[in-house]
Amino acid sequence: MAQTYKIAVLAGDGIGPEITQQALRVLKLVEEKRDVHFDCQHAEFGASAYFSTGKSFPDATKKACDEADAILKGPIGLSHEESEKIPVEERPERGALLPMRRRLNTYANFRPISLPKGMAHFSPLKAEVVGEGIDILLVRELVGGLYFGGKERGETEEGLRYVKETLEYDEQQIRQILIIAFQEAMKRKKVLHNIHKSNVLISSVLWNEVLEEVAVDYPEVNVIHMLVDAAATHLCLNPCQFDVMVMENMFGDILSDQGGGILGSLGLMPSACMGPDKAYYEPSHGSAPDIAGKNLANPYSMIGSVALMLDMSFGMADEAKAVWQAMQSVFEAGFSTGDLSQAGSDITLLSTTEFGDKVMAALQDLL
Ligand code: NAD
């Protein structure tokens, strides 16, 4: 009997449904070609869920996630103006995304910043800087720090509005993400860039203390310390020096978007969010309200998230590799999507669905 995996599919907002549709075509093809069945349960999440149910993370979606072997999540959110129509507590990040991360304890966020040689022309960086391509694994702590700490808003005795947000980590939270990063470094080039801000933040001082303790178990890994502000510069000037990078939540949020920038688009950024029991997979980017509903979005990030899911949740590494190859072969054959189009006049632009069609055709032969 075919192996069955339950997948909760949360298509999300904006471009979410469009790119999820292409990702599901890929899953379907894997199912047809292999002895496996993907039981996809669709559930509402984000702003669309709020407008239809009054909750951005409805109970039915929680149940679908709890029952799933893995979760495939599209981006959520609205434009600034549209977001204002939702009560603060139910806005997609506050009401859905952060509660999901906390509920599933997906503390380890893997964000590959990867541009193979055949796609190197998409980078806005000079060819000599990109060299043979970019291949970085950014490991971001995902359930701690400033985004999850105490929040307070009030008025001072002088009548001034104030806010207080707290950056909190305990040593166990730091240790568990650092262990993941060291393990990944061991699987790759055994070089780990530790990104911090210990010249200013005592959270980084504790982070680095714990790192020294964890490093004892990984003597082969060469640890390179770098302040986060300097890392932002180095990512632009010499991205190829990085292999595995590890950092706390907010630093990772910001630097990984910069990672999308050096590749040429956030549309090339998939991610995996791993916890001890559950994992969910999502593009690193948002819902791109500026291009939503126009069949313009690049589904690479969403299809790439499926590839990560096949590999990391279902042990289907060969199939995942085929999915990457299929997507990359489309770009290497001289096609592009609108977000990457500046690469040259001999490039043919593809819509979201056309890119999906070409990936499916390539994958037919690779699986
Ligand atoms: P964004 O990532 O949605 O878009 C930034 C730029 O990148 C836009 O020009 C957009 O068109 C482009 N872009 C992003 N993904 C693309 C793709 N796949 N193909 C082509 N172009 C793409 O960031 P934003 O505009 O700042 O945020 C929009 C909404 O998304 C906000 O509500 C924000 O809160 C939310 N958001 C959600 C997540 C998430 O669900 N994990 C992450 C980030 C932002």
Side-chain angles (χ1 to χ4, degrees), residues 9-23 44-51 56-57 61 71-86 88 90-102 104 106 109-111 122 124 140 142-143 147 249-250 252-273 280-306 308 327 330-331 335-343 349-356 359:
V9 178
L10 321 179
D13 304 317
I15 60 170
E18 300 164 62
I19 58 176
T20 301
Q21 205 180 1
Q22 301 312 313
E44 293 184 291
F45 194 63
S48 49
Y50 171 76
F51 288 121
S56 52
F57 190 8
T61 305
I71 298 153
L72 183 64
K73 179 200 152 288
I76 56 172
L78 298 173
S79 66
H80 179 74
E81 295 72 23
E82 289 296 308
S83 296
E84 300 282 305
K85 296 178 185 165
I86 301 181
V88 174
E90 286 300 327
R91 286 189 191 157
E93 273 88 350
R94 179 120 22 126
L97 189 61
L98 297 184
M100 179 159 95
R101 288 175 180 171
R102 193 198 301 266
L104 305 178
T106 49
N109 186 199
F110 291 71
R111 295 197 157 183
F122 287 131
R140 166 188 174 194
L142 201 60
V143 297
Y147 295 1
N249 200 346
M250 188 169 74
D253 191 5
I254 296 169
L255 280 195
S256 61
D257 261 38
Q258 190 183 341
I262 65 170
L263 301 186
S265 170
L266 282 170
L268 297 180
M269 291 282 296
S271 88
C273 309
Y280 81 90
Y281 299 84
E282 65 169 355
S284 300
H285 57 72
S287 58
D290 51 336
I291 56 166
K294 297 181 179 162
N295 200 20
L296 288 175
N298 182 355
Y300 186 99
S301 53
M302 195 74 197
I303 299 174
S305 298
V306 163
L308 292 174
M327 288 203 292
V330 176
F331 286 128
F335 295 99
S336 179
T337 45
D339 50 327
L340 296 161
S341 63
Q342 69 278 20
L349 273 191
L350 298 176
S351 66
T352 311
T353 43
E354 286 168 340
F355 183 80
V359 171

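Atoms within a ligand are numbered from 1 in the order they appear, just like the ligands themselves. When a residue number appears, it is its place in the shown sequence, counting from 1.
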Is a side-chain donor or acceptor of [X] paired with a backbone partner of [Y] at a separation under 3.5 angstrom?
| X | Y | result |
| --- | --- | --- |
| Thr337 | Leu350 | no |
| Ser301 | Met269 | no |
| Thr61 | Phe57 | no |
| Glu282 | Ser271 | no |
| Ser305 | Tyr281 | no |

(request) Hey, could you give me the CD1/CG distance between Ile291 and Leu296, rounded to the nearest 0.5 Å? (result) 6.0 Å
(request) Kindly compute the distance separating OG1 (Thr20) from CD1 (Ile15), expressed to the nearest 0.5 Å. (result) 9.0 Å
(message) Once you restrict to heavy atoms under 4.0 Å, what part of Leu97 touches ligand 1? Side chain, backbone, both or neither.
(response) side chain
(request) Pick one of side chain, backbone, both or neither for how Pro289 approaches ligand 1, counting any non-hydrogen atom pair under 4.0 Å. (result) side chain
(message) Test side-chain contact (heavy atoms from CB on, under 4.5 Å) on Leu72 and Leu10; report intermediate values, then the result.
(response) CA-CA 6 Å; Leu72 183 64; Leu10 321 179; over 6 Å; no
Where is the nearest protein heavy atom to [atom]: which residue, which atom, and how far?
| atom | result |
| --- | --- |
| atom 41 (N) of ligand 1 | Glu282 OE1, 3.3 Å |
| atom 21 (N) of ligand 1 | Ile291 CD1, 3.6 Å |
| atom 8 (C) of ligand 1 | Asp290 OD2, 3.5 Å |
| atom 36 (N) of ligand 1 | Glu93 OE2, 3.2 Å |
| atom 3 (O) of ligand 1 | Ala288 N, 2.8 Å |

(message) As a test of the contact definition, would atom 30 (O) of ligand 1 count as having a protein heavy-atom neighbour under 4.0 Å?
(response) yes
(message) Please tell me if atom 26 (O) of ligand 1 is touched by the protein, where touching means a protein heavy-atom distance below 4.0 Å.
(response) no
(request) Run down the list Ile76, Thr337, Leu266, Thr352 and name the one with the heavy atom closest to atom 35 (C) of ligand 1. (result) Ile76
(request) Give the single entry among Asp13, Leu10, Leu296, Ile15 that approaches atom 16 (C) of ligand 1 most closely by any heavy atom. (result) Ile15
(message) Could you check whether Tyr50 and Arg91, counting side-chain N and O atoms only, form a donor-acceptor pair closer than 3.5 Å?
(response) no
(request) Verify whether one side chain among Ser56 and Glu90 offers a donor that lies under 3.5 Å from an acceptor in the other. (result) yes
Output yes when the distance from some N or O of ligand 1 to some N or O of [X] is under 3.5 Å, and no in every other case.
| X | answer |
| --- | --- |
| Asn298 | yes |
| Gly286 | yes |
| His285 | yes |
| Ser79 | no |
| Ser83 | no |

With heavy-atom distances below 4.5 Å as the criterion, would you say the side chains of [X] and [Y] are in contact?
| X | Y | value |
| --- | --- | --- |
| Phe45 | Ile71 | no |
| Met100 | Thr106 | no |
| Phe51 | Ile86 | yes |

Mark up the atoms of ligand 1 that fall under 4.0 Å of a heavy atom belonging to [X], in ascending order.
| X | answer |
| --- | --- |
| Lys73 | 39 (C), 40 (O), 41 (N) |
| Gly77 | 32 (O) |
| Ala297 | 19 (N) |
| Gly267 | 17 (C), 18 (N) |
| Asp339 | 19 (N), 20 (C), 21 (N) |
| Leu78 | 29 (C), 31 (C), 32 (O) |
| Pro75 | 40 (O) |

(message) Is the ring pair Phe355/Tyr300 parallel, tilted or perpendicular, if the boundaries are 30 and 60 degrees?
(response) tilted
(message) Heavy-atom contact check, 4.0 Å cutoff: does Ile19 meet ligand 1?
(response) no
